[in-house]
Every structure is written in structure tokens, then in C-alpha cells.
Amino acid sequence: RHYFPATAHGYAYDLGDIARFVELYRDLMNFWSERFPGGYFDLDYDAFTRDPEAGARVLLEFCGLAWDPCCLDFHRSTRPIKTASAGQVRQGIYQGSSESWRRYQRHILAALDGADPLGFGDQAGGANSRS
């Protein structure tokens with residue numbers, strides 16, 4: 001969905017590379033989870049978008065930080081944003097993007113020659129991801 005002009009992100013244009021990356025990511029998270037149980041915060045993005053305040057409060061508590069209502073007003077900041085998600089940051093937290101991949105589901109599976117290493121065909125409710 002995004003064009004990355006730098007060659008450093010060439011993997012983003014190959015579904016097989018993305019699938020391998022996600023598998024490596026899952027393996028890495030399992031590695032850290034086994035060695036340091038409770039040592040990192042696993043955020044359920046869909047739940048977070050449904051109730052941002054509750055999610056932010058739990059995250060801040062995990063980090064040992066105090067709650068500040070400004071945590072929910074980040075989109076009002078006037079600081080420059082230099083990422084592909086600049087437009088999204090100015091919108092604030094919203095629902096819907098987690099499901100946008102569904103319109104491409106059959107194309108994704110076809111591009112992977114029917115292989116489904118990320119579980120795209122098994123998705124009943126939401127995106128199967130760890131964030």
C-alpha cells in the first residue's frame with residue numbers, strides 16, 4: 001500500500017519475503033517470551049483500537065509510568081512527522097485498518113502459490129498478529 005523510495009525496504013514488495021519476516025518475528029518473540037516471561041509487553045492492536053485509554057493505561061503501568069490524559073491527544077501535536085504513517089498519526093487512534101488486508105486476501109494467497117504461512121486463510125475475526 002505504500003511506496004518506499006529507499007532500497008532498504010525492498011523486502012516490502014515481495015509477499016514471500018514478508019511471510020518469512022513475520023515467521024522470523026514470531027520466532028524472535030517466542031525466544032524472548034521463553035527466556036524472559038513477562039519481560040515485554042504484547043499489545044493486542046485490535047483491542048487497543050477499541051479502547052485506547054484502557055490499553056494505554058495498561059502499557060504505561062507495565063513501563064512504570066504515570067497516566068497522563070495527553071497520551072490520547074498525540075494527534076494534536078504540531079511536531080513534524082517523518083514516517084509513512086504521518087497522515088494516520090494526525091487522525092488519532094481509529095478502527096478499521098486491521099481488516100483492510102481482507103480485500104487482498106485471495107491475491108495474497110495466490111501470490112504465495114497457495115502457501116499460507118501467515119494464516120491468511122484461517123482468519124475469522126481479526127488479523128493474526130503480535131504487535
Side-chain angles (χ1 to χ4, degrees):
R1 289 183 38 175
H2 297 286
Y3 173 69
F4 298 108
T7 57
H9 298 294
Y11 65 88
Y13 301 108
D14 183 294
L15 290 173
D17 284 348
I18 292 170
R20 285 184 289 281
F21 176 83
V22 171
E23 287 176 22
L24 288 171
Y25 169 77
R26 288 178 178 164
D27 287 345
L28 181 63
M29 298 312 326
N30 287 333
F31 171 87
W32 289 118
S33 179
E34 290 170 6
R35 278 148 188 85
F36 300 101
Y40 70 94
F41 188 81
D42 194 358
L43 177 71
D44 180 332
Y45 180 75
D46 291 326
F48 179 75
T49 60
R50 286 190 301 274
D51 191 352
E53 182 174 337
R57 284 181 181 272
V58 172
L59 175 59
L60 289 172
E61 181 179 330
F62 179 83
C63 295
L65 300 171
W67 169 251
D68 186 323
C70 293
C71 291
L72 300 178
D73 291 332
F74 62 89
H75 58 285
R76 294 192 176 122
S77 172
T78 58
R79 291 180 299 214
I81 300 167
K82 298 177 182 179
T83 67
S85 61
Q88 293 173 330
V89 171
R90 296 293 186 220
Q91 289 179 354
I93 298 170
Y94 63 95
Q95 291 180 311
S97 64
S98 295
E99 298 296 318
S100 64
W101 67 273
R102 288 188 183 282
R103 71 184 86 154
Y104 308 104
Q105 183 174 10
R106 73 181 163 91
H107 302 290
I108 292 169
L109 291 172
L112 294 172
D113 295 323
D116 192 12
L118 303 180
F120 285 109
D122 299 332
Q123 302 295 318
N128 185 17
S129 64
R130 293 178 68 134
S131 304

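Given the structure is predicted, the values throughout are model-derived calculations rather than measurements.
The 12-atom threshold is exceeded at CZ of Phe31, counting heavy atoms of other residues, nucleotides or ligands nearer than 6.0 Å. More than 12 non-hydrogen atoms from other residues, nucleotides or ligands lie less than 6.0 angstrom from CZ of Phe62.
Rounded to the nearest 0.5 Å, atoms CZ (Arg35) and CG (Asn30) are 10.0 Å apart.
Across Leu60 and Ala66, no two heavy atoms sit closer than the pair CD1-O, 3.8 Å. Considering all non-hydrogen atoms of both residues, Ala56 and Phe48 come closest at N-CE1, 3.6 Å. For Phe74 against Cys71, the heavy-atom pair with the smallest separation is CD2-O, 3.4 Å. Of all the heavy atoms in Trp32 and Tyr40, the pair that sits closest is C-CE2, 4.3 Å.
Take Asp51 and apply the side chain to side chain donor-acceptor pair (under 3.5 Å) test, not counting sequence neighbours, and it matches no residue. For Arg57, the side chain to side chain donor-acceptor pair (under 3.5 Å) criterion is met by Glu53, not counting sequence neighbours.
Hydrophobic clustering keeps Leu24 apart from Met29 (ILVMFWY residues linked when any side-chain heavy atoms are closer than 4.5 Å, directly or through intermediates). Cluster annotation: Ile93 and Ile81 are assigned to the same hydrophobic cluster (Ile/Leu/Val/Met/Phe/Trp/Tyr, side-chain heavy-atom contacts under 4.5 Å, transitive). Hydrophobic clustering of Ile, Leu, Val, Met, Phe, Trp and Tyr side chains at less than 4.5 Å, counting indirect connections, unites Leu65 with Leu72.
A donor-acceptor pair under 3.5 Å is formed between the side chain of Thr49 and the backbone N or O of Asp46.
The salt bridge (Lys or Arg N to Asp or Glu O under 4.0 Å) analysis of residues 76-89, with sequence neighbours excluded, yields the pairs Asp73-Arg76.
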